[in-house]
Amino acid sequence: MTSMPKPFIDKHLPKNKLGLTVRNYEGSMSTLCAGCGHDSVTAALVQAFWELSLAPESAAKVSGIGCSSKTTAYFMGQSHGINCVHGRMPSVATGANAVNGDLHYIGISGDGDSLSIGFGQFAHAIRRNLNMLYILENNGVYGLTKGQFSAAADIGSTTKKGVPNEQTPIDPCIQALTLGAGFVARAFSGDKSQLVPLVKAALMHKGFALIDVISPCVTFNDHAGSTKSYAHTYKYYHPLVHTDFVAHAEEITGEYADDGAMRVTLHDGGELRLRKTDTDYDPRDKAQAIETLMMNGGDGEIRTGLLYLNEDMPDMHAANKLPQKPLNQLPYEALNPGKAALASLQKRYR
Amino acid sequence: MTSMPKPFIDKHLPKNKLGLTVRNYEGSMSTLCAGCGHDSVTAALVQAFWELSLAPESAAKVSGIGCSSKTTAYFMGQSHGINCVHGRMPSVATGANAVNGDLHYIGISGDGDSLSIGFGQFAHAIRRNLNMLYILENNGVYGLTKGQFSAAADIGSTTKKGVPNEQTPIDPCIQALTLGAGFVARAFSGDKSQLVPLVKAALMHKGFALIDVISPCVTFNDHAGSTKSYAHTYKYYHPLVHTDFVAHAEEITGEYADDGAMRVTLHDGGELRLRKTDTDYDPRDKAQAIETLMMNGGDGEIRTGLLYLNEDMPDMHAANKLPQKPLNQLPYEALNPGKAALASLQKRYR
Amino acid sequence: MKDLVETASEVRVNDFVLKIANVNGTGSASANGLLMKAIFRMGVPVVGKNLFPSNIQGLPTWYEIRLTKDAYMARSGTAEFMVAMNAETYKQDLAEVSPGGFLLYDSTWPRPDLHTREDVTAIGVPLARMCNEAFENARTRVLMKNMAYVGAVAGLTGLDVEVIKELVTEMFGTKEHLITANMKAINIGLDYVREHFPDPLPLKVERMDATAGHIMIDGNTAAALGCVYAGATFGAWYPITPSTSLMDGFKSFCEKFRVDKETGEKNFCIVQGEDELASVGMAIGAGWNGARAFTPTSGPGISLMSEFIGFAYYGEVPVVLFDVQRAGPSTGLPTRTQQCDLTLAAYASHGDTKHILVFPANPKECFEMAVQSFDLAERFQTPVFFMTDLDIGMNDWMVPEFEWDDSYQPDRGKLLNKDELEAIEKFYRYEDKDGDGITYRTLPGVHPKGAYFTRGSGHNWKGGYTEDADEYKEVVDRLVRKWKSAADAVPGPVVRRCDAPASRAIISVGGCDGAVIEAMDQLAAKGVNLNYLRVRGFPFNTEVEAFIAEHDEVFVVEQNRDAQLRTLLVNETDAPKDKLVPVLDYAGMAANPKFIVEGITAYLDTLGDAA
Amino acid sequence: MKDLVETASEVRVNDFVLKIANVNGTGSASANGLLMKAIFRMGVPVVGKNLFPSNIQGLPTWYEIRLTKDAYMARSGTAEFMVAMNAETYKQDLAEVSPGGFLLYDSTWPRPDLHTREDVTAIGVPLARMCNEAFENARTRVLMKNMAYVGAVAGLTGLDVEVIKELVTEMFGTKEHLITANMKAINIGLDYVREHFPDPLPLKVERMDATAGHIMIDGNTAAALGCVYAGATFGAWYPITPSTSLMDGFKSFCEKFRVDKETGEKNFCIVQGEDELASVGMAIGAGWNGARAFTPTSGPGISLMSEFIGFAYYGEVPVVLFDVQRAGPSTGLPTRTQQCDLTLAAYASHGDTKHILVFPANPKECFEMAVQSFDLAERFQTPVFFMTDLDIGMNDWMVPEFEWDDSYQPDRGKLLNKDELEAIEKFYRYEDKDGDGITYRTLPGVHPKGAYFTRGSGHNWKGGYTEDADEYKEVVDRLVRKWKSAADAVPGPVVRRCDAPASRAIISVGGCDGAVIEAMDQLAAKGVNLNYLRVRGFPFNTEVEAFIAEHDEVFVVEQNRDAQLRTLLVNETDAPKDKLVPVLDYAGMAANPKFIVEGITAYLDTLGDAA
Ligand SMILES: Cc1ncc(C[n+]2csc(CCOP(=O)(O)OP(=O)(O)O)c2C)c(N)n1
Ligand SMILES: Cc1ncc(C[n+]2csc(CCOP(=O)(O)OP(=O)(O)O)c2C)c(N)n1
Ligand code: SF4
Ligand code: SF4
Ligand SMILES: [Mg+2]
Ligand SMILES: [Mg+2]
């Protein structure tokens, strides 16, 4: 349970382009409940990072407080991590990102962390189009404080004892769409085949990328009355768009190619191939995306996949005209105007 | 500038059903800038209350901090008011309302107060369907701190010095719609004929009623480059639905009657008559409302009026099964289980 | 079995600690509670402490049950009998057993490591094997293993199985099959030890009559009950350990006592806020509107509420904040106890602010002081902090039964009703009519004459906005006067004098109480005589100052790093500060007398050296 | 005109207060600034205070310009020459004029009320009428009325119009028409008084040479410049009076010095957060990532930041917080000054926390201490509070020119770079290698070996999560050691001894400095000799304690109701508290010597009585 595991040696594991095995991307032992959805998300992150061959130290992990927020300790022990205060991860990510945009920022949050105490920060990070992967591990409850409903609990979903929730849920994907996010996805911790490529795509997207992952809480919200249980999610699981991330693809932008997949080149490299399951769904159409998600209440289907993509919005760095070289690496000489400038400046105060 | 003006005597002013003149609904002198939009909203509130013949003491005024939030002192000096801390009016309103639902809660906020520091509280008051009139006096800037952009500033709108805003604005109406508000309206401080009936309707709506009022800041945001100036708003002003509030109407629910107006009976009494300007706009269709508002970015038109209405959602009192008699008026005897109950209860702890 | 008796140094009746090491999420809490309750029912005073990790499942957890015939209220810090159910912590658990003590383990698997201490007797009981044989389902097997050790412990110590059965029956009510299953497991353990270890252990539970008129209850539940009896109708909260069970308790009591059977209407309202800022805002809104309103939280919540606290202070809105303290700073150790928010609460918020605090020491005081807190809040029209902590709030304590006087009426303070408003000529919210610093208040909706404007910005005695220096000062000066006058309204200190004359004394607070009293006895035995005063309210009662003046030296015993109670005493009394010697413990565990005895002894030794 | 000279008791050269009463939103600020700057350019030391309301337009505002040939730094509290431009406040403005003083008013309308004081000469100048005749547009007329009184004042006091013209020319640069219009208005006032009041007033401005080497600047601008020179690259903020101009200043300096002319790239990032919680979170994120980061705010912001502050303290993240204090509590008086967040900042956040504070006294120290704050934050890896206030921050002060030593290099503290990480065997974030309580830090992205986890929950010296009491204590104990060791690294106190031996002294802080020095002179004149120490950092330098020990009695002079500096001195030094006598002012105005002289005199008188 140290945050710095020793280098692993395992000859039989495959290596990525950096010569690293998946072990190099693992963290300390999870202390979550056996079967917790969050551990699957952790595994997907490890997998995606390894597959992308990103140097472990190129990641910066940020989180708030909650079972979900703890997980940043359980992957990529060779990356820096900061586990701040409840609901305020986005602000820490904003400051960190502003001064070094070269790292891959991975924010992990929970539905309590993001939609209650942290809703304002969540919204404003989106508005700023902060370049980060934001994973919301959504289980409909506050796991760490023992099972209270979160703002993501569906109307009618019950507690273990059968008490139903009566408040309108907040759908993080709808909110992200209306607040201007350029990458909005929903996934399920139980389907790694969908989640891993989404994580890769989100990491490569230049801007705010939300993945709302239904991640069941086996201890407090996995019973029959819950709409965030494994059983319920499997039953109503409805992938809308399947995403593949292909590194270093040729320059083919937009529009559907003959194989039926829509190809999108990302600014940070690589290509996305989006294969629709519902033929009339267009992940470029925000209004349709919102309407589709609002329907959920109607038929109960949980629509997943990359629901919306707009890779052409300036991120926070661009909007602030930040330099190529990260601010935290600028030499002091580039920052300090010096003695002479001070003297001349002060004339205006005579 | 006392908060308790002396009773006014003015023989020539008309009286409402309670025998009160409009003077009885006024407050202390405004200290806002001459021409500030907020003063017009104040006037509309006075007018609406007087027209509805509500007892002044039946109102409770709540606000945060800002030029807008100050205005609760400028109307209805015979009502209690609480001017709390920046961005946190909704929580104070929630607690106050929970213990006495018989009053009319009037929350006044600004775009800074509601969309930045107070965005979380704004969202959660909506989720709880707090029965209140929530007026957001929207000027695109922080007036009281001298003109910084608020989160409602449109992209491209400029400061006085010509610096354009580059961040995606938050549209409070879109947010209210997606968060489940049952009464969502937009108005303009410059059009009292639209605003007064909207205020009356909102007061009579049982549940959260948002009126986002474009209310220009003459000092910091009324110049040529601003999209929240009087000139710009007049130019792009586009009433979608005209609302009339008719007290004690006959029971005619739903659907359009022959005069072309849609009639809706409200739970708290009175009838709403909605007359559409755009023939294909249906204020009962949430998806259409959202799509219409998102279009704003396209043609620049500022669509106003009662954009959405759903009067059938349980408000916070109903959801919490609160008693008819306000909690703050229950006799202590009804609350205290007494000595005998205590003795018997304690058996379980032996 | 012979060596068992040989190893034990002496026979200890109703005077030893039983400590159970386990893993959380395995359902051991109810088994441990059962053990403790059974001992209590046998008339033996107990102290129970649950030590749990800040996660949900799979990490080490310990439960200590101290049998204390002398009715001490603190941990002893020892462990004569360890039930070692967690392989992860075997080593440390074995090390902790007192010389001559016992260790019970699950001998389903051989555990040679557990036999390495000469002075500790390891008792193997094949709990898992027996339960696997007796029960089907995996989860049941895990749960029943716990019940099996209950039986084994009972068999070894003489704990009356009939009492256990009675409790199990009460626990499961009509669920007959559960009673059967649990008793089966208990008997498995019991029978095994009766067969394999027929000789009784030197650690014995014997019937006494020292728990009559007492109950076992935790402080959060007790405080919740106090809120009900105080007539509180509104509570807002945001979940946070260790305060959550306070609102859980309030909810379940209200559901019992406050729901109209016919209409289903609820005479209370609980709102789970979106965060602590919202929760305190809601409580303030409700308090402003005339309801008795509260919010329970812990340190991080108080930090977040700081801005709003200053508003309620300056706007003079009654509200009660329950701070169930946990080890800080920041997220700190959420499942460990400390008294570390004292200075924060005393002066919370920016600008010049001073608050009223009450300090309960046990669940009984939690019940009583919760009621008092609402009276204080309304009387002084200000936030009142109820300073409890994880140890008091979440552990079951043995305390005298709660009493209630049906003639009690809430002190609503200076609240004008409709007729009174009708009668007066003019109402000014902040007019100090009575010269006591407390002004009259009105509620919204009652009368147009009562209308006023509550604001956190500068205001004068009329309630009007002001930026005028004199008008501003008049109000803030009155606020200090008002605050000072609360010194004699808050719960008074409790003084305990030793039999011999004493020039030195202890001042302490809250849950340290039991440890202090025990430490006093231990020190007295060494010839160190001390008097003791426990503060129960802030601002400090005049008696506190007099008590300090009476002694040459006062040890200030508290559970934080920075001597926060001492800081308050230094700031808010005339006592010379070098008289006040800090004795601190901030390890996060419920207090035990050791740090006090050692701290004071060490200090006195230094004096000796110096002299 | 004869009576003018008759009324005046004595001729005062460069030693009187010119006070302008106006309405805000009328553009008077630049006229008043112009007056003050002109006096300064004439070589006469000035003290300027702007008193403005918490609204945007239409409420009373005052501007005081003290000409002080002796170069005092405080308000005098008097008003020898009142320019009464606000009809709303005529009565109070007239009342405030010192006996023998003058009042200038706009005689466009008759104002018989202004002639009711025998000992004050009222001078009517028809400003509005003349400006209405001379200018077209309504807004221009309002603005020019202000310029016209500048001219009138110049004419009456002998202020050199050439200097004014020079300033107007600098102010408007190439906008020739504005220069013409403003000079026209100035001349209107000037010509009128020259014609109607040809005899000079006994209040005279005469050239001196006492401002060479000095500038006029406000503290927020100076602090902003300090941030630039310190190499800060990241600032996050949420607008709040009186801190807003600090970020405005930083932005404009950065735009001047830090934008690449070719690419337009900015070597800085400023984010307007959605609130203070977000702003401090961003600054912490940037600090964690190795940038010099800060956030300016005021009291309400510090309250809101409290939770995050504890996180940065416990997680040991460098960050600088500028607290530009204003009168509390709650929203309080946002446009009035106080030193009322001292205890809050010292111990901000729940749990045991102690912070580093610096206390500048004027804009020059703002510049210097801003730089030091970043050094302290990085060296001690902790939040540093820069405690300034509205008076220092928003008023223009005359201070010696700022100096810069180009050999300065930022103190980054113990920050391991890539090569150093490569070289060491293993890195543990909280390992106290050097035994000084300060551990080594690494930045994200530099080297996988440097990876560690920053958390606000319990952690051990390795950086691993822990709930173990000893591991927990080891870290929090080190934090106190680290904090204490900052006592000699913070800016040291400034001591000023009086010529005669003194058994009594003053300790004060920040912007009280000028008032204290002037009060010392006044008291010395009465035979009361005092030494003076001004604290500039917290934890207190050892010199502070020695200074207290040296004296029998120490007056602690500060601007808050609750004697907060005294509280800190009592808590954090060994000084006996009855030695520390509070002398307080919390009216919200910039300090003037009066409350000090009166406070100390009254105290000494009581002693006299008692003796
Ligand atoms: C300021 C503050 N308030 C409350 C808490 C207690 N708390 C810890 S985690 C949590 C909620 C976690 O819920 P969520 O974000 O959904 O995460 P999950 O555990 O379900 O993964 C709360 C309320 C806290 N740590 N800090
Ligand atoms: C905690 C806190 N932060 C900052 C401020 C300063 N402040 C006062 S009003 C305001 C913004 C007001 O903007 P808005 O709500 O849009 O109201 P407007 O003045 O534009 O009507 C701010 C930031 C404050 N009072 N409290
Ligand atoms: S409580 Fe729920 S969310 Fe937390 S670790 Fe256990 S299963 Fe996961
Ligand atoms: S500053 Fe703007 S918002 Fe404030 S009162 Fe003036 S016009 Fe209105
Ligand atoms: Mg959750
Ligand atoms: Mg605004």
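Not measured: the values here are computed from a predicted model. In what follows, chains carry the letters A, B, and so on, assigned in the order in which the sequence lines appear, proteins first and then strands, with residues in each chain numbered from 1.
Looking at C:Ser245 and C:Asn220, their side chains do bring a donor and an acceptor atom within 3.5 Å of each other. For the residue pair A:His232 / A:Thr227, no side-chain donor-acceptor distance below 3.5 Å is found, with atom types taken as modelled. A:Asn139 and A:Asn221 form no side-chain donor-acceptor contact under 3.5 Å, judged by distance and modelled atom types alone.
Contacts between A:Leu144 and chain C at a heavy-atom distance below 4.5 Å involve backbone atoms as well as side-chain atoms. Only the backbone of A:Cys84 comes within less than 4.5 Å of a heavy atom of chain C; no side-chain atom from C-beta onward does. Residue contact with chain C, scored on non-hydrogen atoms closer than 4.5 Å, is absent for A:Phe119.
Under the side-chain contact (heavy atoms from CB on, under 4.5 Å) rule, A:Val92 has a single partner from A:Ile82, A:Asn83, A:Val85, which is A:Ile82.
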